[in-house]
Amino acid sequence: MSVEREVRVSKIRDGTVIDHISAGYALDVVKILGVTGHEGQVMTIAVNVPSKRIKVKDIVKIEGRALNRQEVNRIALVAPRATINIVRDFVVVEKLEVKLPSLIEDIVKCVNPTCISNSGEPVTAKFYVETEEPLLLKCHYCGYVLEKADVLGQF
Ligand code: CTP
Ligand code: ZN
């Protein structure tokens, strides 16, 4: 059928569309951004929708808000294949592919209480990405391996 019979989620005027999130991960994206819903912006979350590129995907649309670089980097932790679209006056003015670097610095803390990075010493938390999906991050200092739940618990 050539005519779209329904629009599942409306287009937005201004804001950010996080597209191509792996199916089922939209709520993790919202959590890692620290968005609670009490900020007052309109937010639409679509889970398990059909997609040309990846069969099924999730989408998060946050109106009236652009994301900064740190927020984009955080999204890569839970949705390494996501596309960030900045929309102004209904037009996509910027498209960023998120990318998870092999070394994660600053964003996440080690959950091992005896790790030197938690001892008050002036060392920056540092992790190596062991696997992206499922997310496994290995601490540079103590070797502790963080899972996605350990990461999400920090936001
Ligand atoms: N979008 C939106 N509101 C707009 C413009 C775009 O919600 N005013 C959404 C679209 O629904 C889509 C995403 O932003 O989910 C990217 O839009 P666009 O670049 O137009 O779509 P595609 O070309 O399909 O993107 P891609 O090539 O990244 O798959
Ligand atoms: Zn550690």
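In each ligand, atom 1 is the first atom listed, and ligand 1 is the first ligand listed. As a basis for the values below, the full set of heavy atoms in this structure was taken, side chains included, without hydrogen atoms, waters or symmetry mates.
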Output the set of protein residues with a heavy-atom contact under 4.0 Å to ligand 1, ordered first by chain identifier and then by residue number. K11, I12, V17, D19, H20, R53, K61, N85, V87, F90, V92, K95
Tell me, do V93 and N85 make a side-chain contact under 4.5 Å, heavy atoms counted? no
How about C139: does one of its N, O or S atoms come closer than 2.8 Å to the Zn ion (ligand 2)? yes
Note, F155 side chain near I107 side chain (heavy atom, < 4.5 Å): yes
SG (C142) - the Zn ion (ligand 2) - SG (C115) angle, nearest 10°: 110°
Using 4.0 Å as the upper bound for N to carboxylate O, is an ion pair formed by E133 and R81? yes
Between T131 (side chain) and P134 (backbone), is there a donor-acceptor pair under 3.5 Å? yes
Quick check: closest heavy atoms across C142 and N112, and the distance to 0.1 Å? SG-ND2, 3.3 Å
Is there a side chain to side chain contact (heavy atoms under 4.5 Å, CB included) between L137 and Y128 once you walk through the steps? CA-CA 6 Å; L137 303 179; Y128 304 103; over 6 Å; no
For R65, is there an ion pair with E71 - N to carboxylate O distance below 4.0 angstrom? yes
